[in-house]
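Throughout, numbering of the chain's residues begins at 1 and tracks the sequence. These numbers come from a predicted model, not from an experiment. Ligands are counted one by one from 1 in listed order, and the atoms in each one are counted from 1 as well.
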Amino acid sequence: MAKFDYDLFVIGGGSGGVRAGRLTAALGKKVAIAEEYRYGGTCVIRGCIPKKLMVYASHFSEEFEAARAFGWTLGDASFNWDTLINNKDVEVDRLEGLYQKGLNSAGAEVLETRAELVGPNEVYLVAQDKTVSAEKIMIATGGTPSRMPELPGSELCIASDEVFDLKTLPKKIVINGGGYIALEFACIFAGLGSDVTVVYRGEEILRGFDDDLRENLHLEMVAKGIEVLCMTEFKSVSKGSGGRKALTLDNGAVIEADEVMLAVGRGPMTNSLGLEKAGVETDKRGFIKVDEFSKTSSDAVWAVGDVTNRVALTPVAIHESMCFIQTEYKDNPTSPDHDLIATAVFTQPEIGTVGLSEGGAAKKYAALDVYRAHFRPLKNTISGSSQKMLMKIIVDAKSDLVLGVHILGPDAGEMAQTLGIALKTGAKKADFDRTMAVHPTAAEEFVTMYQPTYRVVNGERQQ
Ligand code: NDP
């Protein structure tokens, strides 16, 4: 008789958990997976996918404007929030079904219940009121938006979990934060017609990204009518007139808005998970501590994705699960590779980036060659839009190694994905130079910037 009920029990049906459960079951192992909310996790249900659908929706206002310059005559365009939300829901439901179907076809037992650890090899299933055992347990419970409990009136605010199901499009929205979520939703709402204010505590939005991209995105957002207040913080939120919220800032200004949104980072979903009962340790912020193979401090428990403090991105969680399978079930110890992760911020204009920023590279390399192009994309020569495109290549002057590429403009994410392959293979600038251009594209700039725009020596820019 088997010592355990399952070979693997996965807690959490998001990107990381589903991949681990599905592939392990497909290997013929006995697998169960538990999800307390909806299969698909943050990415599918209330994150990347519905967000990107809303990004598409928000682009149309600019496209309608541009269309006129290309000879189109359009009637009065109007936007219906309910239609977008309903169609988004249909797609999210479809994807949720596919996630469950994939698990079922692989032979995993799919459970709709909250699951909590009650021992190193034991899980309590709340809906079934029963305890099961597993040789290995994978925690993939993800993250949850920070709600700023210290902010007076924070209960009046929404976070990204709620934003996908608002009953109406807010006429006025104020968003706290200067990261991915704050800026993406600022651009979504502005594109859909809302009046948007972003409040950010630091000097410039998108800390950690290349400074050029940060500054130019800020300028482009302001040019679209988004108010961006830096070095400013929320002081309190209270009920305003007519069901609105009254937000007081630390400079004393009061803004009334239909919605006030917090996008100030995310924390791990470990609440009442019973980690201590299984000997699973967390760090100061509550993220589960793992070794280079995603193993926790407990011998039978692993953790992947946003519940660990690594890189909070869907493809990273999936990669971590695939490494777990290689290590534990294929006798091929593989630790996740978190180097050179390409990423996109779906603002308008979009950001795509991979590798070191100019500032980050200057701290590590004595001399850099920076190739920079800032130009009006072909479409905007007649569309009427003044929006420019920015592209940068950061190169180690000594070895010619390409250290980073940064894009601000249409399809930046698509470009970052392909350029990520080049950087991963250790491409030199000379490899970019000997690559033939695809003409006419914006991406061709990457293979036609032959002369450095400037050099950075010991952190100082030279002309
Ligand atoms: P981010 O870490 O990107 O940004 C958080 C922002 O909130 C920062 O600007 C931060 O400021 C600010 N902040 C943090 N604490 C406070 C506070 N107490 N008061 C005021 N401001 C505060 O987190 P997000 O919530 O935007 O997104 C979470 C993660 O989800 C991202 O890091 C990313 O990994 C992932 N994500 C990825 C997307 C994509 O791939 N396109 C889209 C959305 C999310 P400061 O800079 O000063 O610390």
If you scan protein heavy atoms around atom 14 (C) of ligand 1, the nearest is V264 O, 3.3 Å
ask   = Do I226 and C187 come within less than 4.5 Å of each other through their side chains, counting heavy atoms only?
value = yes
Checklist entry - G202 near ligand 1, heavy-atom distance under 4.0 Å? => result no
So for E233 against ligand 1, with non-hydrogen atoms under 4.0 Å, the contacting part is neither
Query - Within-cut-off N or O pair, V345 and ligand 1, under 3.5 Å - result: no
Within 4.0 Å of some non-hydrogen atom of M148, the atoms of ligand 1 are 18 (N), 19 (N)
re atom 48 (O) of ligand 1, the protein heavy-atom contact at minimum distance is R207 NH2, 2.7 Å
| task | Mark yes or no for whether R201, through its side chain, and T232, through its backbone, hold a donor-acceptor pair below 3.5 Å. | result | no
Counting heavy atoms under 4.0 Å, the part of L313 that contacts ligand 1 is side chain
### Message
Is the positively charged end of R461 above the ring of Y454, judged by distance under 6.0 angstrom from the centroid and angle within 45° of the axis?
### Response
yes
A263 heavy atoms within 4.0 Å reach ligand 1 at atoms 5 (C), 6 (C), 7 (O)
re atom 26 (O) of ligand 1, the protein heavy-atom contact at minimum distance is I181 N, 2.8 Å
| field | Close N or O approach (A312, ligand 1; < 3.5 Å) | value | yes
Hey, mind stepping through K172 and T197 against side-chain hydrogen bond (donor to acceptor under 3.5 Å, both in side chains) and telling me if it holds?
-> CA-CA 8 Å; K172 167 86 194 172; T197 298; 2.7 Å; yes
Audit row: F185, F164, ring-ring contact (aromatic ring centres under 6.0 Å, His included) steps and yes/no: CA-CA 10 Å; F185 276 97; F164 297 105; 5.5 Å; yes
| Do any N/O atoms on E184 end up under 3.5 angstrom from N/O atoms on ligand 1? | yes
Contact region, Y200 to ligand 1, non-hydrogen atoms below 4.0 Å, reads side chain
Q. Taking C-beta and beyond as the side chain, do P336 and E320 meet within less than 4.5 Å on heavy atoms?
A. yes
N/O to N/O below 3.5 Å, does that happen between R201 and ligand 1? yes
protein heavy-atom neighbour closest to atom 31 (C) of ligand 1 works out as Y180 CD1, 3.5 Å
With heavy atoms and a 4.0 Å threshold, my read on which part of S160 contacts ligand 1 is neither
Under 4.0 Å from one or more heavy atoms of K51, ligand 1 contributes atoms 41 (N), 42 (C)
| query | Are any side-chain N or O atoms of S61 and backbone N or O atoms of S58, one a donor and one an acceptor, separated by less than 3.5 Å? | reply | yes
Heavy atom of R266, distance to ligand 1 below 4.0 Å: yes
A student comparing G413, S146, G265 should find that the heavy atom closest to atom 2 (O) of ligand 1 comes from G265
| message | Could you check whether E112 and Y37, counting side-chain N and O atoms only, form a donor-acceptor pair closer than 3.5 Å? | response | no
Between the CG atom in L390 and the CZ atom in R372, the distance rounded to the nearest 0.5 Å is 5.0 Å
Among non-hydrogen protein atoms, atom 4 (O) of ligand 1 lies closest to G179 CA, 3.4 Å
Exercise for the section: Answer yes or no: does an N/O atom from G178 fall short of 3.5 Å to an N/O atom of ligand 1? Expected result: yes
Of R244, K245, K171, the one forming a salt bridge (Lys or Arg N to Asp or Glu O under 4.0 Å) with D258 is R244
* To do: For residues D89 and D165, determine if any side-chain heavy atom of one lies less than 4.5 Å from a side-chain heavy atom of the other.
  => yes
Output yes when a side-chain donor or acceptor of T168 lies under 3.5 Å from a complementary backbone atom of P170, and no otherwise. no
